[in-house]
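Structure first, then comments.
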Number of protein chains: 2
Amino acid sequence: MAQRPKLETVAKRAGVSVATASQVMRGTGRISDKTRKKVLDAAQTLHYVPDARAAAMRSGDNREIGFTIHQIANPFNAEVISGVSDLLESEGYLVSILDSQDDPERQRRQLEAFIRGSRGGLLWVPAHDTPKSTFELLRNHRIPTVTFLRREGFDEFDHVGIRNSEATRTATTHLAVLGHRNIAFLGGLANVETRNQRIAGYLSVMQERDLADPIVWESPDDKMSGMKAMMALQKAHPEVTGVVCNGDMIALGACLALTRMGKQPGKDVSVVGFDNIQDAAVATPPLTTMAVSPRQLGRRLARTLLDRIREPEGPPAVSEVSAELTVRDTTGALTRPS
Amino acid sequence: MAQRPKLETVAKRAGVSVATASQVMRGTGRISDKTRKKVLDAAQTLHYVPDARAAAMRSGDNREIGFTIHQIANPFNAEVISGVSDLLESEGYLVSILDSQDDPERQRRQLEAFIRGSRGGLLWVPAHDTPKSTFELLRNHRIPTVTFLRREGFDEFDHVGIRNSEATRTATTHLAVLGHRNIAFLGGLANVETRNQRIAGYLSVMQERDLADPIVWESPDDKMSGMKAMMALQKAHPEVTGVVCNGDMIALGACLALTRMGKQPGKDVSVVGFDNIQDAAVATPPLTTMAVSPRQLGRRLARTLLDRIREPEGPPAVSEVSAELTVRDTTGALTRPS
DNA sequence: AGCGCCCCAGAAATCGTTTGCTGGAGGGCT
DNA sequence: AGCCCTCCAGCAAACGATTTCTGGGGCGCT
């Protein structure tokens with residue numbers, strides 16, 4: 001058990017040539033069962049594991065793919081990752097996750113290191129304000145890439161996303177039908193693409209239905225921030241009775257704020273979330289939200305990348321999935337007339 | 001912008017030899033400023049990025065490290081990851097995360113793929129019931145490895161952990177001092193090492209103080225499962241007035257269950273969590289918990305690995321950090337006598 | 001015996017780097 | 001002129017695999 005065994009060691013122990021040993025390990029060529037067994041036994045006892053770097057260097061195929069995401073702690077993202085891994089690992093790939101923390105600078109460094117390691121492919125949620133040069137970096141190096149959720153105006157990569165503006169149209173309409181006129185959009189940071197799309201959907205309904213002046217309120221996408229933001233929003237605009245949120249974490253934080261302020265979500269103020277994370281169903285009260293299936297999204301994402309690896313040329317494939325309105329207890333008819 | 005440029009291309013364009021170009025890129029050797037500039041310019045215009053695989057293959061040093069963890073969605077883990085990345089990336093490493101989902105089978109496959117890629121080091125939370133062979137796999141391949149949180153009885157690797165039994169001793173004592181006698185331990189799955197240690201601490205206090213018969217209740221470590229488990233526990237053992245939890249998610253789920261059953265956490269039944277995740281402070285009611293600092297833990301973890309990479313030989317370094325009792329509103333004095 | 005086929009050995013090229021070596025061109029110094 | 005010193009070219013050997021090629025031993029078949 002000295003150093004890491006190489007193929008040559010295995011071959012020597014099995015009494016065959018390295019060429020033959022390689023054939024056996026790769027399952028290629030015509031090898032008799034007897035020889036095959038000898039080699040496999042030798043590899044077993046030596047705990048031989050081939051060096052993927054050397055192999056990839058010569059043969060070119062690379063079964064390691066990366067998934068760069070903006071926020072690893074988000075349970076929605078975690079489920080997407082899980083869906084991606086299921087499919088890709090069953091195809092013999094190793095998927096490793098990089099957490100950019102939505103910082104373009106950090107993302108750039110990570111992607112450069114990623115390219116140095118020359119993996120087989122990349123799944124990527126670009127950080128907000130990702131410069132065009134970062135996209136070009138990937139493209140120039142011919143790395144099979146699928147963007148996810150955001151694409152920042154770069155349309156040369158395959159893409160899997162959510163119909164954001166359609167979803168917030170649905171959410172806002174839902175509130176409007178319930179009688180709400182003072183509806184605000186809450187959550188997310190400026191210049192995030194998905195948020196902009198969601199705001200667009202919200203604004204369009206506000207305008208078409210001639211509701212009150214739109215209010216858009218920023219906040220980081222975690223529960224605590226959502227709570228603080230909702231408190232500030234209520235203070236600044238006490239007339240607001242409906243809130244369309246940029247994510248479930250925000251929405252849960254908002255509900256928290258409302259109950260703390262003595263108001264009842266779904267009665268005094270209606271709140272719609274986005275994502276349908278697991279907590280949404282068991283929250284108090286259970287959250288009305290725009291549901292998308294993260295696992296399904298993950299599988300689609302993985303399949304898109306596999307297709308691209310198989311067929312490097314060809315126009316970018318873009319697919320978007322719809323979010324579905326899931327009504328629970330945080331939305332209700334307007335009680336007090338505004 | 002044809003294919004990926006190699007060092008030879010850069011050298012040719014700069015009018016120098018590959019050896020010289022390599023020296024410049026690595027910053028080694030004695031090279032005049034004029035030549036250096038020529039090479040750097042050529043690399044710039046060609047968008048040259050060195051191939052880390054080929055480099056690592058020859059030189060042996062590898063600046064990619066992996067972090068295999070059992071549950072990526074857990075916010076506590078996410079903060080640890082963040083702490084690890086901060087430190088390691090500032091040292092020029094790329095850290096990629098693998099999600100074993102606490103499945104020994106999946107973990108095994110991932111680690112084998114990881115070894116094939118021969119990275120520079122590994123941070124590892126072993127899945128529950130990880131077989132000894134998996135540990136030996138890593139050891140045999142001489143991969144600098146630091147286990148985190150769990151070590152499953154394998155003491156040949158460096159380790160960073162939490163003083164679990166000390167922590168649950170503190171938590172249980174806290175409840176006992178408040179007058180509780182019927183205290184249960186809730187959460188986690190059988191045969192998970194950290195859980196066993198926490199149970200041990202709990203049991204020791206129950207015995208020393210001659211409290212009621214101990215009750216240990218299983219549950220997966222997410223909020224929804226915790227809620228269900230607490231409901232079942234209350235039905236089976238209505239006399240229980242104190243609960244020591246295996247994690248904050250469980251504890252939050254338990255509080256949820258209590259309020260749904262019309263009981264008030266901290267008044268009717270006292271609950272202590274573990275981890276002090278961000279939600280703990282803003283939950284209703286705010287959660288009493290055993291706090292450990294995930295970022296600090298992450299930095300210590302990273303530093304331990306760096307030390308090991310720098311000095312591959314030598315006895316394993318083990319360090320454990322203490323958890324601190326943070327009293328909030330879910331624990332209170334026993335009101336109705338048992 | 002002769003022929004053909006299956007299986008494999010052995011050698012060599014290749015992937016993109018790093019690293020050590022030899023040796024030479026040029027400059028500054030005595 | 002002679003000598004040393006700096007800077008770099010050019011060659012070559014690694015690293016650990018894959019892949020192709022030639023060639024030959026052994027077997028079965030006619």
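Here is the naming used below: chain letters follow the sequence lines, and residue numbers restart at 1 for every chain. When reading the values below, keep in mind they use all heavy atoms of this one structure, side chains included, and skip hydrogens, waters and symmetry mates.
No donor-acceptor pair closer than 3.5 Å links the side chain of B:Ser96 to the backbone N or O of A:Ile97.
Residue-to-nucleotide proximity on DNA chain D shows that, of B:Ala54 and B:Ala21, the 5′-proximal contact is made by B:Ala21. In terms of position along DNA chain D, the nucleotide closest to B:Arg36 lies nearer the 5' end than the nucleotide closest to the other residue of the pair B:Arg36 and B:Met57.
For the residue pair A:Ser133 / A:Arg108, a side-chain donor-acceptor distance below 3.5 Å is found, with atom types taken as modelled.
Protein atom CZ of A:Arg30 is 16 Å distant from nucleotide atom C1' of D:dC27, rounded to whole Å. When rounded to the nearest whole Å, the span between CG of B:Asp61 and P of C:dT18 equals 9 Å. Atom-to-atom, CD of A:Glu8 to C1' of C:dA9 comes out at 14 Å; the value is rounded to the nearest Å. The nearest whole Å value for the distance from the CG atom in B:Asn62 to the P atom in D:dG16 is 13 Å. Distance NZ (B:Lys6) to C1' (C:dT18): 15 Å, rounded to an integer number of Å. Across the protein-nucleic acid pair, B:Gln23 atom CD and C:dT17 atom P stand 15 Å apart, rounded to whole Å. In this structure, CG of A:Leu7 is placed 7 Å from C1' of D:dA17, rounded to the nearest angstrom. Here D:dC15 presents its C1' atom at 9 Å from CG of A:Asp51, a figure rounded to the nearest Å.
Out of C:dT19, D:dC8, D:dT18, the shortest distance to the side chain of B:Thr20 is found at D:dC8. The nucleotide whose nearest atom lies closest to any side-chain atom of A:Ser17 is, among D:dC15, D:dA17, C:dA9, C:dA9. Side-chain atoms of B:Ser32 lie closest to D:dC8 of the nucleotides D:dC8, C:dT19, C:dG10.
At a threshold of 4.0 angstrom between heavy atoms, the contacts of B:Val16 are confined to the sugar-phosphate backbone, with no base atom among them. B:Arg53 comes within 4.0 angstrom of nothing in the nucleic acid, heavy atoms only. Across all strands, A:Ser22 comes closer than 4.0 Å to base atoms (heavy-atom distances).
Side-chain nitrogen and oxygen atoms of A:Tyr48 include at least one within less than 4.0 Å of the OP1 or OP2 phosphate oxygen of D:dA17. In this structure, A:Arg4 does not reach the D:dG16 phosphate: none of its side-chain N or O atoms is under 4.0 Å from OP1 or OP2.
Within 6.0 Å of CZ on B:Arg303 lie no more than 12 heavy atoms contributed by other residues, nucleotides or ligands. For A:Arg106, the CZ atom counts as densely surrounded, since its 6.0 Å shell holds more than 12 non-hydrogen atoms of other residues, nucleotides or ligands.
In this structure, B:Phe154 has its ring center at least 6.0 angstrom away from the ring center of B:Trp124.
B:Arg58 contributes no side-chain N or O that forms a donor-acceptor pair with the base of C:dT17 under 3.5 Å.
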